[in-house]
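Position 1 is the first residue of the sequence, and the numbers go up from there.
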Amino acid sequence: MRLARFATSPLPLPPGWFALPLRLIVGFGFMQHGYAKLARGPGDFIGILHAMGLPHADLLGWATILVELGGGLMVLLGALLPLVSIPMAIVLLVAVITVHLPNGFSSIKLQSFDAMGAHFGQPGYETDLLYLAGLFALCIGGAGPLSIDGWLRSKASRGGTL
């Protein structure tokens, strides 16, 4: 059947290469969010957590920043993805439940456009779900080539000890 040729990737790459662009965007995105919290001053983010009534806001604030920065870097490097995905998924789920769920699904809500440009409403949980799906896909499919996990796996298969 002629349609079958469109059912597979036309790129001449092994299947594991899907992970590289996914790792780059998920890892960079997490690091960017962590850096933004740090650059504005961790106290601002911690103050928001206090205002939301979350317990142990100081601890949660710093834990979130560290998970976003450190976890993002680990995803970029393709290192220990199933392990680092757990705290990253927790951060995303907390964000969905405490912030984004009341805003609905869509993360882009164009409210108006004027001479100053576009004005948007509060984002929903769409982006959080995309990050969760990316982490899940990387856990299922592996970190792919050019990753620490791939290097560790190849070293172990050659009889090396880690």
Tabulate below the donor-acceptor pairs under 3.5 Å that side-chain atoms of residues 11-24 make, not counting sequence neighbours, or state none.
{"from": "Arg23", "atom 1": "NE", "to": "Val75", "atom 2": "O", "distance (Å)": "3.2"}
{"from": "Arg23", "atom 1": "NE", "to": "Leu76", "atom 2": "O", "distance (Å)": "3.4"}
{"from": "Arg23", "atom 1": "NH1", "to": "Ala143", "atom 2": "O", "distance (Å)": "2.7"}
{"from": "Arg23", "atom 1": "NH1", "to": "Pro145", "atom 2": "O", "distance (Å)": "3.1"}
{"from": "Arg23", "atom 1": "NH2", "to": "Leu76", "atom 2": "O", "distance (Å)": "3.1"}
{"from": "Arg23", "atom 1": "NH2", "to": "Leu146", "atom 2": "O", "distance (Å)": "2.9"}

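- Under the rule for a side chain to side chain donor-acceptor pair (under 3.5 Å), His50 has no partner lying at least two apart in sequence or in another chain.
- One hydrophobic cluster, built from ILVMFWY side chains closer than 4.5 Å, holds both Leu49 and Val99.
- Closest of all the heavy-atom pairs between Pro55 and Leu60 is O-CD1, 3.0 Å.
- For the atom pair CG (Leu130) and OG (Ser107), the distance works out to 7.0 Å, reported to the nearest 0.5 Å.
- Taking CD1 of Ile46 as the reference point, atom OG1 of Thr64 lies at 9.0 Å (rounded to 0.5 Å).
- Proximity of a side-chain donor or acceptor of Asp149 to a complementary backbone N or O of Leu81 within less than 3.5 Å is detected.
- In the hydrophobic clustering of ILVMFWY residues, with side-chain heavy atoms under 4.5 Å counting as a link, Val91 and Leu138 come out together.
- Hydrophobic clustering, defined by side-chain heavy atoms of Ile, Leu, Val, Met, Phe, Trp and Tyr closer than 4.5 Å, groups Leu110 together with Ile108, Phe120.
- Residue Ile86 belongs to a hydrophobic cluster whose other members are Ile90, Val94, with links defined by side-chain heavy atoms closer than 4.5 Å.
- Annotation: side-chain contact (heavy atoms from CB on, under 4.5 Å) contacts of Leu38 (sequence neighbours excluded): Pro42, Trp62, Ile65, Leu69.
- Identified under the salt bridge (Lys or Arg N to Asp or Glu O under 4.0 Å) test for residues 57-85, with sequence neighbours left out: Lys37-Glu68.
- Applying the side-chain hydrogen bond (donor to acceptor under 3.5 Å, both in side chains) test to every pair with at least one member in residues 110-125, sequence neighbours left out, gives these pairs: Asp114-His119.
- Evaluation of the salt bridge (Lys or Arg N to Asp or Glu O under 4.0 Å) test over residues 115-138, restricted to residues two or more places apart or in two chains, returns none.
- Residues Phe136 make up the rest of the hydrophobic cluster containing Ile140, defined by ILVMFWY side-chain heavy atoms closer than 4.5 Å, directly or through other members.
- Linking ILVMFWY residues whenever their side-chain heavy atoms come closer than 4.5 Å, directly or via other members, places Met74 and Leu132 in the same cluster.
- Sequence neighbours left out, not one pair with a member in residues 97-113 passes salt bridge (Lys or Arg N to Asp or Glu O under 4.0 Å).
- A single hydrophobic cluster is not seen to contain both Ile97 and Leu129; linkage of ILVMFWY side chains at heavy-atom distances under 4.5 Å, directly or through other members, places them apart.
- His33 has its side chain out of reach of Phe28: every pair of non-hydrogen atoms, C-beta onward, lies at least 4.5 Å apart.
- Applying the side-chain contact (heavy atoms from CB on, under 4.5 Å) test to Ile48 and every residue at least two apart in sequence or in another chain returns Met52.
- Linking ILVMFWY residues whenever their side-chain heavy atoms come closer than 4.5 Å, directly or via other members, places Met88 and Val96 in the same cluster.
- Applying the side-chain contact (heavy atoms from CB on, under 4.5 Å) criterion to Leu77, with sequence neighbours excluded, gives Leu73, Ala79, Ile148.
- The nearest pair of heavy atoms linking Leu135 to Ser85 is CD2-OG, 3.7 Å.
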